[in-house]
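Before any comments, here is the structure.
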Amino acid sequence: MSTIPEVTLNNGIRMPQLGFGVYQVPEDETHGVVASALEAGYRSIDTAALYRNEAGTGRALAESGIPREELFVTTKLWNTDQGHDAALKAFDTSLEKLGLDHVDLYLIHWPLPARDLYVETWRALEKIHAEGRARAIGVSNFQPAHLRRLREESDIVPAVNQIELHPRLQQRELREFDAGLGVATEAWSPLGRGNGVLVDPVVTGIAEKHGRSPAQVVLRWHIQLGNVVIPKSATPARIRENIDVFGFELDDEDLASMGTLETGARVGPDPDTFN
Ligand SMILES: NC(=O)c1ccc[n+]([C@@H]2O[C@H](COP(=O)([O-])OP(=O)(O)OC[C@H]3O[C@@H](n4cnc5c(N)ncnc54)[C@H](OP(=O)(O)O)[C@@H]3O)[C@@H](O)[C@H]2O)c1
């Protein structure tokens with residue numbers, strides 16, 4: 001079983017650099033899928049209120065028998081629950097569904113700048129953190145302007161910014177901006193949702209050279225960039241394949257080739273306009 005490296009977040013909390021995402025896993029399949037991931041060695045699980053599978057995730061965690069302190073559980077506040085009081089209530093609901101007394105990381109899912117509620121929502125997350133019910137708090141899909149406002153108008157710098165990041169959307173500027181503030185960058189859709197990039201000749205060529213799969217090459221690229229990464233798969237063989245990325249290394253030539261794959265194409269919405 002692989003030993004997964006950890007990153008130290010800006011409040012000293014340690015987070016596995018590779019975790020498991022459960023977006024689009026139906027609630028009735030979540031228990032089995034998360035159990036497969038835990039069996040394969042993942043200890044960090046990324047869910048969200050939006051995914052409607054917090055209860056299945058929580059059951060799988062409880063039944064695994066793995067001590068709570070060895071797990072790292074992330075969930076997220078959905079858009080309709082932004083605002084100070086709504087966020088506090090939504091957090092209670094998530095915790096109850098997960099069957100936990102705390103999460104390791106709680107994120108604001110989207111900034112929704114046109115609604116302008118993310119600063120007051122962040123104040124609610126600061127309260128949740130102060131109460132010890134989230135060991136770390138962070139954001140998702142935040143652009144530099146949104147992070148700047150939080151820095152100016154609140155007390156805690158987000159521990160994490162979870163953003164769309166894959167070889168087609170490499171997010172060089174945002175990664176640098178995050179790093180400058182001490183915010184860890186976490187990549188969502190790290191495989192580009194299995195869309196195209198896994199059959200790109202650059203990726204398949206590097207995969208052949210190392211005797212690895214295209215998904216392993218892409219995940220290894222993330223790890224070497226320093227990203228936290230949360231691939232999703234509902235397929236047991238792929239779940240195992242995606243965690244087996246610590247026994248090889250991309251060289252400078254591979255990394256330069258990966259750098260050419262940027263097209264700026266998103267698989268998800270644009271955070272500046274998504275509402
Ligand atoms: N914060 C946000 O706004 C946000 C948005 C989207 C996602 N996320 C998080 O990020 C996680 C990952 O993103 P994602 O699920 O969108 O995309 P992803 O992990 O990039 O890709 C998942 C897709 O790739 C396929 N796949 C997985 N491993 C593979 C492999 N080894 N070979 C070939 N295909 C493979 C999966 O198929 P099978 O499942 O059929 O195996 C699935 O269709 C989510 O689960 C969620 O936790 C966050």
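We count ligands from 1, going down the list as the structure has it; atoms in each ligand are counted the same way.
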Original post:
Does one hydrophobic cluster hold both Val267 and Leu219, with members joined at side-chain heavy-atom distances below 4.5 Å?
Top reply: yes
Original post:
Should Gln171 and Asp178 be marked as a side chain to side chain donor-acceptor pair (under 3.5 Å) after you check the CA-CA gap, both sets of side-chain angles, and the distance that decides it?
Top reply: CA-CA 10 Å; Gln171 300 269 29; Asp178 285 347; over 6 Å; no
**OP:** Below 4.0 Å from any atom of ligand 1, which residues have a heavy atom? Give them in chain and number order, please.
**Re:** Gly21, Val22, Tyr23, Asp46, Tyr51, Lys76, His109, Trp110, Ser140, Asn141, Gln162, Trp188, Ser189, Pro190, Leu191, Gly192, Arg193, Gly194, Leu198, Ala215, Ile230, Pro231, Lys232, Ser233, Ala234, Thr235, Arg238, Glu241, Asn242
Subject >> Ser140 (side chain) donor-acceptor with Ile108 (main chain) under 3.5 angstrom >> reply: no
**OP:** Name all pairs fulfilling the side-chain hydrogen bond (donor to acceptor under 3.5 Å, both in side chains) condition that reach into residues 259-274, sequence neighbours left out, sorted by first residue then second.
**Re:** Gln143-Asp272
**OP:** Sorted by first residue and then second, give each ring pair (Phe, Tyr, Trp, His ring centres under 6.0 Å) pair with at least one member in residues 147-192; sequence neighbours left out.
**Re:** none
Subject >> Contacts of type side chain to side chain donor-acceptor pair (under 3.5 Å), residue Arg68, not counting sequence neighbours >> reply: His102, Asp104
